[in-house]
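To start, the structure itself, in structure tokens.
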Protein chains: 2
Amino acid sequence: MHLVTENPVTASDKTFLQLRQDIVEGDILSGSKLSEAELATRYAVSRAVVREAINRLENCHLVERKPNVGARVVALGPERLVSLYQVRESLEGMAARLAATNMTDDEIDDLRALLSTHLQTVKSGETYYQEAGDVDFHYRIILGSKNDHLISMLIEGIYHLIRMYRVQLGMAGPRVTTAFDEHSSIARAIENRDGELAEILMRRHIFYTRNNLEQKLLEAVG
Amino acid sequence: MHLVTENPVTASDKTFLQLRQDIVEGDILSGSKLSEAELATRYAVSRAVVREAINRLENCHLVERKPNVGARVVALGPERLVSLYQVRESLEGMAARLAATNMTDDEIDDLRALLSTHLQTVKSGETYYQEAGDVDFHYRIILGSKNDHLISMLIEGIYHLIRMYRVQLGMAGPRVTTAFDEHSSIARAIENRDGELAEILMRRHIFYTRNNLEQKLLEAVG
DNA sequence: TTTAGCTATATTGTCGACAATTTTGTCAAT
DNA sequence: ATTGACAAAATTGTCGACAATATAGCTAAA
């Protein structure tokens with residue numbers, strides 16, 4: 001598995017990563033138009049590399065493109081969130097099931113060690129946990145599935161859109177500590193090599209997250 | 001849902017579709033290198049549009065690319081087949097479940113009508129059924145899910161790779177009539193709005209297909 | 001005032017040329 | 001004969017310019 005994020009080599013790689021970050025973090029507003037010329041000057045590269053970056057973003061479902069018209073950052077909405085999380089639930093549930101079989105003992109140890117540090121963070125009352133820590137936990141399980149197609153679809157595919165929802169809706173609520181307990185349960189199921197349970201727990205966990213986000217989204221609108 | 005296949009407008013669109021077909025059909029051998037210059041002359045376009053087409057094919061997992069080195073058509077193998085079909089089973093099972101809820105009565109009628117014509121074809125002993133008919137059946141259910149993310153991942157994402165395995169392994173065997181019965185059961189479950197059963201049956205159906213393909217693949221190798 | 005058509009402007013799509021990198025081929029030293 | 005360095009060739013990455021298309025603004029007719 002060769003992820004671009006690790007070491008971007010070409011200018012297109014770097015521009016792709018920068019642009020993606022700017023979209024996910026909300027520096028470029030969702031729904032806004034992406035002018036190739038403007039972005040070219042912004043990132044100090046030619047239009048060609050901007051075009052390539054935009055093409056890649058289209059596959060992550062972060063931008064939508066119309067021929068001869070241009071590209072726009074995707075709009076966020078409750079229905080889109082639901083359809084996204086339906087897919088996420090299915091795929092990441094599967095990842096948890098496979099991880100219970102395919103993760104090495106060492107990887108499982110690392111996972112539990114990660115949760116220990118999270119416990120400290122949660123106890124100390126920091127809300128930082130959610131963004132970095134949560135993503136880290138989920139990534140390890142996804143990678144633990146050892147299924148290249150699955151890994152690619154999640155990490156290169158929909159995960160950045162998921163992050164976009166979370167970042168722009170300002171994740172930091174009462175779910176933080178609750179989510180920690182759910183993570184623990186999932187890790188325990190994986191440790192016991194109980195794939196069926198791990199899948200069920202993961203799906204539940206994601207379902208709760210979805211409800212939480214959906215509520216925030218509805219508040220933001222109305 | 002806006003699928004490029006329907007009406008390709010730009011030269012990149014057309015080149016993308018042609019190149020994809022040539023790869024899926026095996027006109028360009030799996031594992032072979034894709035020379036941008038060669039393809040540019042072959043399709044009578046500039047290198048820029050070839051590059052864009054290759055980029056898009058990378059997201060379908062039909063080609064693999066290394067920076068400053070080039071792109072190769074993916075290699076087919078038993079392990080890759082398994083990981084691909086694990087994902088397919090999960091996603092299309094979900095599609096069947098959602099379709100049982102979201103397909104309109106008219107769409108379900110059309111689905112059953114399609115199966116009727118397939119029955120005639122199977123009775124008459126044609127093997128044509130498998131490729132076109134099977135894909136048609138599955139497409140309708142996928143579209144019937146009404147989940148844009150799911151539709152995109154399957155139809156724009158992995159389905160062409162699936163077809164590539166089937167075409168290059170020469171699908172046409174004893175599974176043809178069996179598959180028809182399985183299709184009928186799935187359609188009936190959807191007609192009864194029984195999503196849970198539809199998902200189970202679809203997963204089974206895909207699992208059988210996988211075993212069939214895997215065996216063919218192992219024969220082909222050893 | 002509204003609408004239709006036209007013109008001007010801006011944006012995207014495509015191309016050929018150049019730069020950067022990798023691969024191939026050659027030659028010399030061990 | 002094998003290995004290493006270096007030079008030559010081929011391939012990919014990037015750029016700026018031009019062509020094709022869409023958008024905005026204007027004029028004129030109803």
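Below, read A as the first sequence line, B as the second, and so on, with proteins coming before strands; counting in each chain starts at 1. Only a predicted model underlies this, so the values are computations on that prediction, with no experimental measurement involved.
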Checklist entry - Which of these, Glu92(A), Glu182(A), Arg210(A), sits in a side-chain hydrogen bond (donor to acceptor under 3.5 Å, both in side chains) with His205(A)? => result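 Exactly one option meets the side-chain hydrogen bond (donor to acceptor under 3.5 Å, both in side chains) with His205(A), and it is Glu182(A).
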Next on the checklist: Under 6.0 Å between ring centres: does that hold for His149(B) and His61(A)?
Outcome noted: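 Yes.
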Item to check | Test of ring centre spacing under 6.0 Å for Phe207(B) and Tyr85(B) | outcome: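 No, the ring centres sit 6.0 Å or more apart.
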Checklist entry - Contact class for Ile54(B) (heavy atom, under 4.0 Å): base, sugar-phosphate, or nothing? => result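 Since no nucleic acid heavy atom lies under 4.0 Å of Ile54(B), the category is nothing.
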Next on the checklist: Once you apply a heavy-atom cut-off of 4.0 Å, does Ala48(B) come out as touching a base, just sugar-phosphate, or nothing?
Outcome noted: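 Base contact.
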Checklist entry - Want to settle it: does Val69(A) or Ala44(A) sit nearer the 5' end of DNA chain D, counting the closest nucleotide to each? => result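 It is Ala44(A), whose closest nucleotide lies nearer the 5' terminus.
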Checklist entry - Starting at the 5' end of DNA chain D, which residue's closest nucleotide do you reach first, Arg47(A) or Arg65(B)? => result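 Its nucleotide being nearer the 5' end, the pick is Arg65(B).
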Measure from [atom1] on [X] to [atom2] on [N] and round the result to the nearest Å.
X: Asp13(B); N: dT21(D); atom1: CG; atom2: C1'; value: 14 Å
X: Glu36(B); N: dA10(D); atom1: CD; atom2: C1'; value: 12 Å
X: Glu38(B); N: dT12(D); atom1: CD; atom2: C1'; value: 15 Å

Checklist entry - Does Thr104(B) reach the side chain of Ile108(B), with side-chain heavy atoms less than 4.5 Å apart? => result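 Answer no - side chains too far apart.
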Checklist entry - Just the endpoints, please: which first and last nucleotides of DNA chain C, 5' to 3', lie under 4.0 Å from a heavy atom of chain A? => result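 Terminal contacting nucleotides, 5' to 3': dT11(C) to dT14(C).
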Next on the checklist: Checking the side chain of Lys33(A) only, and the main-chain atoms of Arg72(A) only, is there a donor and an acceptor separated by less than 3.5 Å?
Outcome noted: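 A pair under 3.5 Å: no.
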Next on the checklist: Is the ring pair Phe137(B)/His183(B) parallel, tilted or perpendicular, if the boundaries are 30 and 60 degrees?
Outcome noted: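 The rings of Phe137(B) and His183(B) lie parallel, inter-plane angle below 30°.
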